[in-house]
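Please read the structure below before turning to the comments.
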Amino acid sequence: DTGVSQDPRHKITKRGQNVTFRCDPISEHNRLYWYRQTLGQGPEFLTYFQNEAQLEKSRLLSDRFSAERPKGSFSTLEIQRTEQGDSAMYLCASVRDPVETQYFGPGTRLLVL
Amino acid sequence: GESVGLHLPTLSVQEGDNSIINCAYSNSASDYFIWYKQESGKGPQFIIDIRSNMDKRQGQRVTVLLNKTVKHLSLQIAATQPGDSAVYFCAENSAAGNKLTFGGGTRVLVKP
């Protein structure tokens, strides 16, 4: 257990529904990252926050995706109008500056039917 | 990173033998590299890291080697144990944004 927690661990939804995932980073970690991982692949970067500011978004993050970190602690990732191609493991990682090692949570596995 | 789809390269190793996992990275500007271990249904777990000003770093039963000339990274696991069975990913961190770029992964199967 790295200290990064994610909720829920599993989510099954129907195409077109909205889903929201939560990540609680390690306490005092000021940077928080979201990644997506599909079967057999390494994680791919989606977006990251420095405290409450969202500093970078990947082009993988379509308009249907939005992430927030309102108080610089936990973060949420919302997917609107889910599509079957959104099925993946969504991973969260946190870091405390100036250390660079990212510690990952257990992930949320999403299945869109 | 290199994509291998559903068919991950697999390294089968006898318990007690040494394992060597290789990785080619893509960005010559990357200055920090990490090896992660991922067990089924879990998030990646940090194993060892190395900065670009080093060519070797040792941890407990693990050694990472970095060859910047050919952009190659390797992870050596000594006396491989059944608990080492997992998928191993290398990741590179370029200075821009500090986001990680992962390689395609290698599955290690330890035979008792």
Side-chain angles (χ1 to χ4, degrees), chain A residues 1-10 21 23-26 29-50 53-61 88-111, chain B residues 1-10 21-27 29-54 57 59 64 73 75 86-107:
Chain A
D1 182 5
T2 62
V4 179
S5 60
Q6 292 187 246
D7 183 71
R9 294 292 309 279
H10 304 274
F21 309 141
C23 170
D24 286 87
I26 296 170
H29 277 200
N30 55 330
R31 277 190 278 135
L32 186 150
Y33 296 77
W34 284 99
Y35 292 84
R36 180 171 68 187
Q37 185 177 27
T38 52
L39 197 63
Q41 304 281 340
E44 294 177 292
F45 169 78
L46 292 178
T47 188
Y48 92 97
F49 293 83
Q50 174 102 16
Q54 188 173 17
L55 295 188
E56 187 173 349
K57 292 192 287 187
S58 162
R59 59 180 179 274
L60 291 175
L61 216 64
M89 173 84 93
Y90 290 85
L91 292 160
C92 172
S94 71
V95 184
R96 185 178 68 180
D97 285 329
V99 177
E100 295 175 81
T101 306
Q102 295 187 22
Y103 292 94
F104 283 82
T108 295
R109 183 170 294 282
L110 173 67
L111 178 61
Chain B
E2 183 178 339
S3 171
V4 293
L6 293 175
H7 304 288
L8 286 169
T10 299
I21 306 164
N22 296 303
C23 176
Y25 64 92
S26 57
N27 188 347
S30 294
D31 59 1
Y32 179 63
F33 304 87
I34 309 175
W35 279 99
Y36 285 95
K37 171 187 179 183
Q38 189 173 27
E39 297 173 283
S40 182
K42 297 184 179 181
Q45 174 189 351
F46 170 83
I47 302 173
I48 192 168
D49 57 2
I50 189 167
R51 298 205 65 85
S52 59
N53 61 353
M54 302 171 69
R57 190 166 187 221
V64 55
L73 199 64
L75 177 70
V87 177
Y88 290 80
F89 292 98
C90 67
E92 60 187 292
N93 184 344
S94 63
N98 293 301
K99 58 184 179 290
L100 295 176
T101 301
F102 283 79
T106 297
R107 186 184 308 279

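We name chains A, B, ... by the order of the sequence lines, and we start the count at 1 in each one. All values reported here derive from a predicted model rather than from experimental measurement.
When all heavy atoms of A:Tyr33 and B:Lys99 are compared, the closest pair comes out as CE2-CA, 4.0 Å. Closest approach of B:Ile34 and A:Thr101 over heavy atoms only: CD1-CA, 4.4 Å. Annotation for B:Leu8 and A:Gly40: closest pair CD2-O, 3.4 Å, computed over non-hydrogen atoms.
Looking at A:Gln50, there are no atoms closer than 4.5 Å to chain B (heavy atoms on both sides), in backbone or side chain. Interface residue B:Gln38: only side-chain heavy atoms are found under 4.5 Å from chain A. Neither the backbone nor the side chain of A:Leu55 comes within contact range of chain B; no heavy atoms are under 4.5 Å apart.
Contact tally against chain B (heavy-atom pairs below 4.5 Å) for A:Gln37, A:Met89, A:Gln6, A:His10: the top residue is A:Gln37. Between chain B and the residues A:Gly42, A:Cys92, A:Pro43, A:Ser58, the most heavy-atom pairs under 4.5 angstrom are made by A:Pro43.
How far CD of A:Gln102 is from OH of B:Tyr32: 9.0 Å, rounded to the nearest 0.5 Å.
B:Leu100 is listed as a side-chain neighbour of A:Tyr35, based on a closest heavy-atom distance under 4.5 Å.
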